[in-house]
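Below is one structure, written out as structure tokens; the observations come after it.
Here is the naming used below: chain letters follow the sequence lines, and residue numbers restart at 1 for every chain.
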2 protein chains.
Amino acid sequence: MKLDDIGGQLVKGHLEMLLLGVLEQGPLHGYAIIEQLRKRSGGVFELPEGTIYPALHRLEDAGCLTSSWSEAAGRRRREYRLTGEGREALAAKREQWTSFSAAVGGVIGTALAGGAL
Amino acid sequence: MKLDDIGGQLVKGHLEMLLLGVLEQGPLHGYAIIEQLRKRSGGVFELPEGTIYPALHRLEDAGCLTSSWSEAAGRRRREYRLTGEGREALAAKREQWTSFSAAVGGVIGTALAGGAL
DNA sequence: GTTTCATACCTAGTCAACCTAGGTATCAAT
DNA sequence: ATTGATACCTAGGTTGACTAGGTATGAAAC
């Protein structure tokens, strides 16, 4: 099931965690990040470039990522890589997510050991 | 752990689901809704009135809630009650939440049968 | 050979909605 | 008489995902 019907803003407040998450296992360039998010989310996250690129720049400005240009198949790519600060931020955001999702479960009555439909 | 450090917007995109969720088991007035959200979330959701009241009005405008004034202990209260439409909306948002949280788990590697700290 | 599609990057501006900051009012307690 | 909890409200700020445009290369289609 897609989330399009939410009417946009579907990852509000969680996008940076998602970006840090996909970069945890190794550096990727922007376009590949979009694909990874789609694949790893089972097609739920179809995030437009206008969402991803500014967010990557914000994360770089914040010191969570570094980037470097590379050339592949005649195409220039900007590869993003987690910094130590980025790993710390990811760890913090994971905790926040755990807390948040548990809290949501407490309110709407979704069993924690669930996700089960 | 609180979520204050997120820097606001802590329930972005999920507030309406939370409100519908607390009203599922019976009508409540606004102030009581705030307390219920705090209690049921284990203290994570400390939502200000300026967040809750406009959201309740939006939900009423959307046909998900009806309201009626009542008097208790010399204080006027507006009691909100789920409509049939509201229950449908809640069911839909529950499914969206399940899909969303599963997708997040797929990206950041949180086991679904988790939430476990 | 040129149009199309996938790859690959970017930014300016829009818009939704959460929150801040103020306001009103009652009742109990100090 | 003032403070604090209860109980409601709205205007406006701010944030950030998204829309809608732009540039450019390489491969495939026609």
Problem set entry | Value in whole Å for how far the P atom of dG16(D) lies from CG of Leu59(A) | 11 Å
For this session: Give the rounded distance in Å between these two atoms: CD of Glu46(B) and P of dC19(C).
Result: 12 Å
Exercise. Within this structure, what is the OH-to-P distance between Tyr80(B) and dA7(D), rounded to whole angstrom?
Worked result: 14 Å
Exercise. In terms of side-chain geometry, is the basic nitrogen of Arg78(A) or Glu60(A) positioned less than 4.0 Å from the acidic oxygen of its partner?
Worked result: yes
Problem set entry | Distance in angstrom units between Glu71(A) CD and dT25(D) P, rounded | 11 Å
For this session: Rounded off to whole Å, could you give me the CG-to-C1' distance for the Asp61(A) and dG16(D) pair?
Result: 15 Å
For this session: Hey, which sits more toward the 5' end of DNA chain D by its nearest nucleotide, His57(B) or Glu35(B)?
Result: Glu35(B)
For this session: Ignoring backbone atoms, establish whether Tyr53(A) has a side-chain N or O less than 4.0 Å from OP1 or OP2 of dC10(C).
Result: no
Seminar exercise, completed: On DNA chain D, more 5' by nearest nucleotide between Glu16(A) and Arg76(A) is Glu16(A)
Exercise. Between Arg58(B) and dA16(C), does any side-chain N or O lie under 4.0 Å from OP1 or OP2?
Worked result: no
Problem set entry | Nearest-angstrom distance from the residue atom CD1 of Ile34(A) to P of dC9(C) | 8 Å
Seminar exercise, completed: When rounded to whole Å, the CZ to P distance for the pair Arg78(A) and dA24(D) reads 18 Å
Problem set entry | Which residue lies more 5' along DNA chain C, comparing Gly50(A) with Arg75(A) via nearest heavy atoms | Arg75(A)
Exercise. Below 4.5 Å, heavy atoms only, C-beta onward: do Leu65(A) and Leu20(A) meet side chain to side chain?
Worked result: yes
Exercise. Do Arg87(B) and Glu24(B) sit within salt-bridge range, that is, some charged N less than 4.0 Å from a carboxylate O?
Worked result: no
Exercise. Between Phe100(B) and Glu95(B), is any pair of side-chain heavy atoms under 4.5 Å apart?
Worked result: no
Exercise. Whole Å only: how far is the CG atom of Leu47(A) from the C1' atom of dT19(D)?
Worked result: 14 Å
Exercise. Taking the side chain of Pro54(B) as heavy atoms from C-beta outward, which of dC19(C), dT7(C), dA16(C) is closest to it?
Worked result: dC19(C)
Exercise. Do Glu71(A) and Arg76(A) meet the salt-bridge criterion of a basic N to acidic O distance under 4.0 Å?
Worked result: no
